[in-house]
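Down below is the structure, laid out as structure tokens.
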Amino acid sequence: MDLKQLYDIPPWEWPGNATAIIYEAVSEPGRPEPDRLMALELAGEPVVINDRLAEALMTIIQDGRESEEVRCQAVIALGAGLEGAYLDEVDLEDDFLAEINTDEIVESLSSHLLIKIQEKLSRLYRDAEMPERVRRRILEASVRAPWDWHKNAVTAAYYSGDHDWRLTSVFCMGYLPGFNEELIEALRDPDREISLEAVGSALNHGLSEALPTFKDLLLTSPSSDKELLLRAIELVPEVCPEQAGEMLSSLVDDKDREVATAVLDALALAETMMELDDDEDY
Amino acid sequence: MTKIIKLDFGGFSLSAELFDTSPARAFAAHLPYTVALTQWGGELYGSIGVSLAEEAPVADIPAGGLAYTGRGNLFCVFFGQTPAWPVEYIGRIPDDQWPLLIDASPLEQVVISF
């Protein structure tokens, strides 16, 4: 099996050597960039991340000879692994979660490497020479395993007045406590990209103020703002699966095929999520 | 009249003067502060948790400069970095002391007191 074949099948159907295939593609700088970007995208799947792959991603992130695009994608790939390892650290102390059969976890980062990566990312973020786009991705990925320095960094990013940094900060607020005031403000931001990002983050903290804003965004997104509309549709199953039918009904037959397909996917996912919820209730 | 304050970074301390301006006096009125720091290049910053009025924010702060910004209520120490946005210049660390910050990084906390 090669990279392209892996790309075309869902991660839960990947063979046991998927990590090795991805690692090989990621750690060969001579490969064509599109191949490496594809490999880096796959490296972000929690089922394949392990210490060796994470070390390879860190090498790319730190290498100034790599393109910004490749470095950014390597940081993004690390994000899920960091979050998984962080949650393992936190949750395995919980009696209930400790009963989960950890044999089912295919790959994960060791706690030792988690700390090492957090320290390195913190150092890279402090480096004023680091390209801005890579720094933004570092903040977004590293905040998934929160540390003390994130609060100041996210505060400064939010108040910077720069659209991209504000977007990054609002995303990060979903992972940090203490930003409810800023999130409520961001929900009302005239910049729709910011307010949509705020919806996801606010709901992470159970802020009910986010729901009306989200519905409004979804119903009033102009057709010219297709990317935003697609992101909003994608969020529906996560945000309010039980209301997905009602919220998306007007878009089921949208003339734009991509929008209509996204709606069908969202409805299917919402249904799955509700079934999962029901199972958990039993 | 200027006021002398102490910045205790844990491993070492620096003295600094606060200017005789309205924002600097307001900053002094709430001393002491314990500030968790984050670094970006030649700049350390962290929230003081208190909102102070700004008077005349400036775009440039010389190395050794202390500043405050109402955006996030951040206290900042500059030692080579240009502010990301205009900030209130409230004081300075003497030229023979601030270079210590360059090699001392990373610094995670400062206690600011008289």
Report every donor-acceptor pair between chain B and chain A with a separation under 3.5 Å, backbone and side chains included.
unit_1: B:A36; atom_1: O; unit_2: A:N152; atom_2: ND2; d: 2.6
unit_1: B:T38; atom_1: OG1; unit_2: A:W149; atom_2: O; d: 3.0
unit_1: B:T38; atom_1: OG1; unit_2: A:N152; atom_2: ND2; d: 3.2
unit_1: B:G41; atom_1: N; unit_2: A:R126; atom_2: O; d: 2.5
unit_1: B:Y45; atom_1: O; unit_2: A:N152; atom_2: ND2; d: 3.3
unit_1: B:S47; atom_1: N; unit_2: A:N152; atom_2: OD1; d: 3.2
unit_1: B:R71; atom_1: NH1; unit_2: A:Y159; atom_2: O; d: 2.7
unit_1: B:R71; atom_1: NH1; unit_2: A:S160; atom_2: O; d: 3.3

Compare all side-chain heavy atoms of B:L74 with those of B:I48 and state whether any distance is below 4.5 angstrom. no
Tabulate, in ascending numerical order, the residues of residues 4-26 of chain B having at least one heavy atom closer than 4.5 Å to a heavy atom of chain A, or enter 'none'. none
Mind checking whether B:V77 and B:V110 have side chains closer than 4.5 Å, heavy atoms only? no
Taking the side chain as every heavy atom from C-beta outward, state whether A:L176 and A:P146 have any pair of such atoms under 4.5 Å apart. yes
Does the side chain of B:L66 reach to within under 4.5 Å of the side chain of B:F78, using non-hydrogen atoms? no
Would you check if A:V134 and A:L124 make a side-chain contact, meaning some heavy-atom pair closer than 4.5 Å? no
What residues, two or more places apart in sequence or in another chain, satisfy side-chain contact (heavy atoms from CB on, under 4.5 Å) together with A:A54? A:I49, A:L78, A:L109, A:L113, A:I117
So do the side chains of B:V35 and B:L44 get within less than 4.5 Å of each other, counting heavy atoms only? no
Those residues at least two apart in sequence (or on a different chain) that pass side chain to side chain donor-acceptor pair (under 3.5 Å) with B:D96 are none
With the side chain counted from C-beta on, respond yes when A:C172 and A:F179 share a heavy-atom pair under 4.5 Å apart, and no when they do not. no
